[in-house]
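Structure first, commentary second.
Atom set for the values below is all heavy atoms of this structure, side chains included, hydrogens, waters and symmetry mates excluded.
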Protein chains: 2
Amino acid sequence: MPNPFVLKLEQCDSLSDDEKRVLESAISRVRVVENDEDIVHEGEHPSESNLLLDGFAARYKIFSNGRRQITAIHVAGDFVDLHSFLLKTMDHGVVALTPCRIAIVPHAALEKITDEYPHLTRLLWLNTLIDGAIHREWLTTMGRLSATAHTAHFICELFMRLKAVGRTDGDTIQLPLTQAELGDTLGLSTVHVNRVLQELRKEGLIRWQGDALTILDWERLVSVGEFTPTYLNLQREHR
Amino acid sequence: MPNPFVLKLEQCDSLSDDEKRVLESAISRVRVVENDEDIVHEGEHPSESNLLLDGFAARYKIFSNGRRQITAIHVAGDFVDLHSFLLKTMDHGVVALTPCRIAIVPHAALEKITDEYPHLTRLLWLNTLIDGAIHREWLTTMGRLSATAHTAHFICELFMRLKAVGRTDGDTIQLPLTQAELGDTLGLSTVHVNRVLQELRKEGLIRWQGDALTILDWERLVSVGEFTPTYLNLQREHR
DNA sequence: CCGGGCATATAACATATGTGAGTGCGTAGT
DNA sequence: ACTACGCACTCACATATGTTATATGCCCGG
């Protein structure tokens with residue numbers, strides 16, 4: 001099976017066979033993390049980073065009073081904590097939302113790549129820059145859109161990202177979040193998430209049963225969420 | 001005068017003289033951008049990046065209906081669009097909030113650095129990772145704190161960042177934002193920003209006259225804003 | 001086959017924040 | 001000196017979203 005991370009990088013730029021080989025050999029081992037377990041804990045000083053091969057994960061911060069905010073949702077092909085290579089201290093946790101298959105990449109291997117493979121280094125850097133671009137987009141949708149529009153936008157984004165790594169099934173994606181988790185992602189209360197979802201359903205934009213979310217009207221969902229995918233950088237360029 | 005960017009990097013790791021020289025020589029020229037002018041426009045494909053030597057700038061996105069969200073505030077020493085080196089297309093604009101003195105760094109020079117100076121490359125990468133960490137922090141404060149706490153948090157952050165580059169004057173910093181701009185930053189309406197500021201003043205936490213913002217009670221401001229500076233990565237480490 | 005636990009769904013109510021309009025002050029321009 | 005303008009500030013009112021509580025359905029383990 002193709003490494004979804006390579007798949008993702010190849011959306012942005014071309015990779016030489018040599019570079020692919022280097023990437024593969026940077027993986028020291030593969031592990032599985034169960035549902036609801038932390039992949040990385042806040043406060044840790046990890047010496048390796050986690051590449052998600054299968055499953056869904058989330059970055060999150062928790063306040064003293066127990067309120068939680070999810071700052072990123074990760075899917076197959078995402079390097080969930082590549083930044084810990086240089087940031088050293090995890091300022092947030094990463095939790096598995098489903099059982100996750102994870103490739104471990106030691107920081108020593110990353111350091112070697114940065115020493116010897118400039119182009120590959122730029123692509124790894126790019127990867128974290130796209131994370132940043134998504135953060136910015138979330139900031140604007142959170143700050144300036146209604147709860148409904150914000151939710152629609154999130155669904156559009158997730159659909160496109162899953163499509164980029166071949167994890168869509170027609171107009172359907174897997175969305176393994178509870179409404180409470182979706183609230184933590186969007187900065188809303190669980191009750192309001194429920195209201196918003198009902199509205200999106202009533203408007204005939206989506207269907208969501210169990211884990212399966214189906215887009216019923218992409219055009220209108222995009223328009224409600226004011227979604228433009230530029231920030232996802234899914235264009236091939238020389239980097 | 002010391003380059004504030006070098007100052008900022010040296011908070012995170014040590015730089016060799018050689019690396020400092022390379023950085024300085026990467027600057028092709030210095031320009032001044034006036035108040036309210038765009039430093040970079042959304043949609044552009046820049047071939048150089050902008051390093052802020054003096055002044056304040058903001059990254060922003062605008063929606064069709066004119067609503068604006070500021071996703072980052074930049075101060076002296078910040079590389080306002082280093083990410084355009086690899087992202088290629090600007091997915092947001094950057095505007096000067098005050099007159100800005102800016103060092104221009106051609107992408108060709110950055111490419112050369114990534115080809116030849118791995119450690120310096122990691123520090124540049126780190127710089128964009130810290131931007132990302134700040135974005136995440138803003139997401140959590142925006143999503144899960146009250147307007148007052150969110151505002152207090154923002155003030156704490158800005159104070160610490162300015163202190164890191166030697167731009168504080170005792171407990172006072174320059175905060176050249178209108179209340180409308182602060183609203184765009186925090187995702188609040190102008191009217192509500194005004195209410196929040198009155199509250200912070202009434203509580204004796206801050207004084208804000210013209211551009212000068214004074215912290216009157218740091219401890220309580222930190223506690224109201226639930227501020228912890230870990231995410232700013234102002235610790236020296238080997239990277 | 002039953003019971004516990006979790007997730008979704010609803011309802012009534014509380015409140016933080018947004019909206020639209022308007023005042024007054026200070027500064028810049030003519 | 002007058003005007004225009006931007007910005008801080010206020011007020012009355014509207015509403016989106018949060019809160020607390022309860023009901024309902026569903027899955028899983030015993």
Side-chain angles (χ1 to χ4, degrees), chain A residues 34-36 56 63 65-70 95 97-99 140-154 174-203 206-213 224-225, chain B residues 34-37 56 63 65-69 95 97-99 140-154 174-203 206-213 224-225:
Chain A
E34 286 311 317
N35 204 352
D36 283 336
F56 286 75
F63 287 103
N65 58 17
R67 309 190 101 185
R68 180 171 81 152
Q69 177 69 42
I70 289 176
V95 64
L97 298 171
T98 63
T140 77
T141 54
M142 186 173 242
R144 290 306 190 207
L145 292 189
S146 71
T148 310
H150 185 190
T151 308
H153 186 284
F154 172 73
Q174 190 199 352
L175 184 64
L177 294 177
T178 66
Q179 293 183 3
E181 287 165 337
L182 192 51
D184 286 347
T185 307
L186 301 169
L188 299 171
S189 69
T190 310
V191 173
H192 202 60
V193 166
N194 189 281
R195 288 195 271 250
V196 163
L197 289 173
Q198 314 239 9
E199 193 189 337
L200 292 177
R201 282 194 283 239
K202 201 185 63 193
E203 288 291 320
I206 59 165
R207 178 171 47 222
W208 189 15
Q209 292 165 17
D211 274 10
L213 184 141
V224 167
Chain B
E34 286 310 317
N35 203 352
D36 284 336
E37 257 181 57
F56 286 75
F63 286 104
N65 58 18
R67 308 191 102 183
R68 180 172 80 153
Q69 177 69 41
V95 65
L97 298 171
T98 63
T140 78
T141 54
M142 188 173 240
R144 290 306 187 208
L145 292 188
S146 70
T148 309
H150 185 190
T151 308
H153 186 284
F154 172 73
Q174 190 198 351
L175 184 63
L177 293 178
T178 65
Q179 293 184 2
E181 286 165 338
L182 191 51
D184 286 347
T185 307
L186 301 169
L188 300 171
S189 69
T190 310
V191 171
H192 202 60
V193 166
N194 190 281
R195 288 194 272 250
V196 163
L197 289 173
Q198 314 240 9
E199 192 189 336
L200 293 178
R201 282 193 283 238
K202 200 185 63 192
E203 289 291 319
I206 59 164
R207 179 170 46 223
W208 190 15
Q209 293 164 15
D211 273 10
L213 184 141
V224 167

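Here the side chains of B:Leu175 and B:Asp211 are not in contact, with every heavy-atom distance at 4.5 Å or above. With contacts defined as side-chain heavy-atom distances shorter than 4.5 Å, the pair B:Leu177/B:Leu97 qualifies. Between A:Leu182 and A:Phe154, some side-chain heavy-atom pair lies under the 4.5 Å cut-off.
In this view, A:His153 and A:Glu137 satisfy the side chain to side chain donor-acceptor pair (under 3.5 Å) rule, not counting sequence neighbours. In this structure, the side-chain contact (heavy atoms from CB on, under 4.5 Å) partners of A:Asn35, at least two apart in sequence or on a different chain, are A:Pro99. Residues forming a side-chain contact (heavy atoms from CB on, under 4.5 Å) with B:Ala180 (at least two apart in sequence, or on another chain): B:Thr178, B:Thr190. Under the side-chain contact (heavy atoms from CB on, under 4.5 Å) criterion, A:Thr98 pairs with A:Phe56, A:Cys100, A:Gln174, A:Pro176, not counting sequence neighbours. B:Glu37 meets the salt bridge (charged side-chain N to carboxylate O under 4.0 Å, His left out) test with no other residue; sequence neighbours excluded.
A straight line from CG of B:Asp36 to P of C:dA28 spans 15 Å, rounded to a whole angstrom. Going from atom CD of A:Gln209 over to atom P of C:dA9 covers 11 Å, rounded to whole Å.
For the pair B:Gly187 and A:Trp208, nearest-nucleotide mapping onto DNA chain C gives the more 5' position to A:Trp208. Judged by closest nucleotide on DNA chain C, A:Gln179 is the one of A:Gln179 and A:Gly143 placed further toward the 5' end.
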- Message: Walk me through whether A:Arg144 and B:Arg68 qualify under side chain to side chain contact (heavy atoms under 4.5 Å, CB included).
- Response: CA-CA 7 Å; A:Arg144 290 306 190 207; B:Arg68 180 172 80 153; 5.7 Å; no
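Nucleotides of DNA chain D that come within less than 4.0 Å of any heavy atom of chain A span, from the 5' end to the 3' end, D:dT17 to D:dT20.
Residue B:Arg144 is out of contact with every strand shown, counting any heavy-atom pair closer than 4.0 Å. Contact annotation for B:Ser189: base contact, defined as any heavy-atom pair under 4.0 Å involving a base atom.
Of the options A:Val224, A:Leu188, A:Val193, A:Leu145, a side-chain contact (heavy atoms from CB on, under 4.5 Å) to A:Thr151 is made by A:Leu188 and by none of the others.
End-to-end axis angle of the helix from C:dC1-D:dG30 to C:dT30-D:dA1, using five pairs per end and rounding to 10°, comes to 40°.
Of the residues in residues 190-199 of chain A, A:Val191, A:His192, A:Arg195 come within less than 4.0 Å of DNA chain D through at least one heavy atom, sorted by number.
Screening residues 185-201 of chain B for salt bridge (Lys or Arg N to Asp or Glu O under 4.0 Å) gives no qualifying pairs among residues at least two apart or on separate chains.
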